[in-house]
Amino acid sequence: MHGFQGNAGVWRRQFETLSDRFHTVCLNNRGRAPSEVPEGVEQFNLDHFSADLDAFVEAQGYDQFCLAGWSMGVSTCLSYLKNHGQERVNSLILIDGSPNFQKFPRPPEAQALIDQAAADAAGREIAPPGETPTIWGEHFSPISADCLEGSQNSLREADFLPFLLDIAVPTAVFHGRHDERIPFEAGQALADGIPSAALRNFTISGHSPMWTEPGRFDREISSFLARVNAREDRESYANRQQNQRYQRR
């Protein structure tokens, strides 16, 4: 799940480097063509974004998957787990996000850039530096004005801190040590609050480690998923052994 000023194009490099090992999918949020762009600020909040994700998962028939989110995508992932359950999510990757934007506010200069983006469509962040918004044969448009306002309002009001203890999914938290938009302390709070979480500090990155440290970013994802799969294999083996002992009795 991408951030609130971005679109599916922010994950282009990961599609190119990880798709030989994993089935990779990115949902392009509403409010950014070619997805639907409804009118009205009320059409854009975390509940809508997570409901769209749930509808997509249902339509694709996914049974078990790793859910990854960056920036606002972290909040979308947390909203999905809270509103739609954790049964299908076998692992979770949270990248440069926050569980509560009131407790961990954006630095004033970062908020000023976001506010300027609302007034200047040309300045909106729609793709990685040097990338075209035309990716995979589709044109990915900037965020709509209603979507930007509604998303900001929803992020400002969201508080996932109490919910973190309920997350029972193996979790990796990635955070750029020099994140200029979301304080590093927010990533620490995610890692501290989720029982199974481990924090990975991207020491030379700001808000976008998948762009600034792409090699390490991909390796961390691969290593984390390998550990998750190994744990699942061990648990499956233990369950088989227990069932066999029960049947012998």
Side-chain angles (χ1 to χ4, degrees), residues 1-19 22-62 65-81 83-84 88-89 91-97 114 117-118 120-155 158 174 181-182 207-211 214 217-218 221:
M1 302 304 296
H2 59 70
F4 92 95
Q5 280 182 279
N7 55 41
V10 304
W11 298 114
R12 177 175 180 173
R13 187 187 185 283
Q14 279 63 52
F15 269 77
E16 294 172 346
T17 58
L18 295 176
S19 290
F22 308 105
H23 177 64
T24 52
V25 178
C26 181
L27 181 61
N28 192 64
N29 280 345
R30 63 169 67 192
R32 306 147 180 83
S35 296
E36 292 184 358
V37 187
E39 294 184 0
V41 172
E42 70 282 357
Q43 296 292 325
F44 303 98
N45 57 48
L46 293 173
D47 287 341
H48 282 310
F49 294 139
S50 62
D52 290 344
L53 173 58
D54 184 59
F56 177 78
V57 168
E58 289 286 346
Q60 298 299 314
Y62 295 140
F65 60 93
C66 171
L67 181 59
W70 168 64
S71 195
M72 187 192 76
V74 168
S75 301
T76 303
C77 291
L78 296 176
S79 178
Y80 173 83
L81 295 175
N83 294 343
H84 303 282
R88 295 182 176 183
V89 180
S91 50
L92 181 66
I93 303 175
L94 305 177
I95 307 150
D96 284 81
I114 292 170
D120 180 11
R124 292 177 193 163
E125 181 180 305
I126 60 172
E131 295 282 7
T132 171
T134 304
I135 298 169
W136 314 308
E138 297 281 1
H139 182 78
F140 290 83
S141 296
I143 183 174
S144 72
D146 284 345
C147 184
L148 191 144
E149 181 179 351
S151 299
Q152 283 204 87
N153 292 343
S154 187
L155 286 173
F174 298 173
R181 295 202 170 196
I182 298 178
H207 189 54
S208 308
M210 65 279 204
W211 303 346
F217 188 87
D218 294 349
I221 287 180

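Residues: numbered from 1 along the sequence shown.
- Closest of all the heavy-atom pairs between Ile143 and Phe4 is CD1-O, 2.7 Å.
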>> Please determine whether side-chain contact (heavy atoms from CB on, under 4.5 Å) holds for the pair Leu67 and Leu53, giving the CA-CA distance in whole Å, both sets of side-chain angles, and the decisive distance to 0.1 Å.
In response: CA-CA 10 Å; Leu67 181 59; Leu53 173 58; 3.8 Å; yes
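- Atom-to-atom distance recorded for Asn153:CG and Asn45:CG is 9.5 Å, nearest 0.5 angstrom.
- In plain terms, the two heavy atoms of Glu58 and Arg88 that are nearest each other are OE2-NH2, 3.2 Å.
- Asn28 places a side-chain N or O within donor-acceptor distance of the main-chain N or O of Arg32, the cut-off being under 3.5 Å.
- Between Glu39 atom CD and Cys147 atom SG the span is 13.0 Å, to the nearest 0.5 Å.
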>> Would Tyr80 and Leu46 count as a side-chain contact (heavy atoms from CB on, under 4.5 Å) here? Give the steps.
In response: CA-CA 9 Å; Tyr80 173 83; Leu46 293 173; over 6 Å; no
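- Taken to the nearest 0.5 Å, the CD atom of Glu42 stands 10.0 Å off from the CD atom of Glu149.
- Using a 4.5 Å cut-off on side-chain heavy atoms (C-beta onward), Arg30 and Val37 make no contact.
- Using a 3.5 Å distance cut-off with no hydrogens or angles, the side chains of Asn29 and Asn7 do not pair a donor with an acceptor.
- Ring pair Phe44/Phe49 is tilted by interplanar angle, where 30° to 60° counts as tilted.
- Two residues are said to be in side-chain contact when any heavy atoms from C-beta on lie closer than 4.5 Å; Phe174 and Leu94 fail this criterion.
- Summarising the geometry, atom OG belonging to Ser144 is positioned 8.0 Å from atom CG belonging to Leu148; distances are rounded to the nearest 0.5 Å.
- Residues Trp211 and Val10 are in side-chain contact: their nearest non-hydrogen atoms beyond the backbone lie under 4.5 Å apart.
- Counting heavy atoms from C-beta on, the side chains of Ser79 and Asp47 come closer than 4.5 Å.
- Put simply, the side chain of Val89 does not reach to within 4.5 Å of the side chain of Cys66, judged on heavy atoms.
- Asp96 and Ser71 share no side-chain donor-acceptor pair at under 3.5 Å.
- Donor-acceptor pairing under 3.5 Å is recorded for the side chains of Thr24 and Ser19.
- The minimum heavy-atom distance linking Cys26 with Trp11 is given by the pair SG-CD1, 3.2 Å.
- Annotation: Glu36, atom CD; neighbour count of heavy atoms from other residues, nucleotides and ligands within 6.0 Å does not exceed 12.
- Proximity of His23 to Tyr62: side-chain heavy atoms (C-beta onward) are separated by under 4.5 Å at one or more points.
- Ring geometry for His207 against Trp70 counts as tilted: the plane angle lies between 30° and 60°, on a 0 to 90° scale.
- With contacts defined as side-chain heavy-atom distances shorter than 4.5 Å, the pair His2/Met72 does not qualify.
- The closest side-chain heavy-atom distance from Ile221 to Ile93 is below 4.5 Å.
- Salt-bridge annotation for Asp218 and Arg13: present, with a side-chain N of the basic residue lying under 4.0 Å from a carboxylate O of the acidic one.
- Taking all atoms of both residues into account, the shortest heavy-atom contact from Cys77 to Leu92 is CB-CD1, 4.2 Å.
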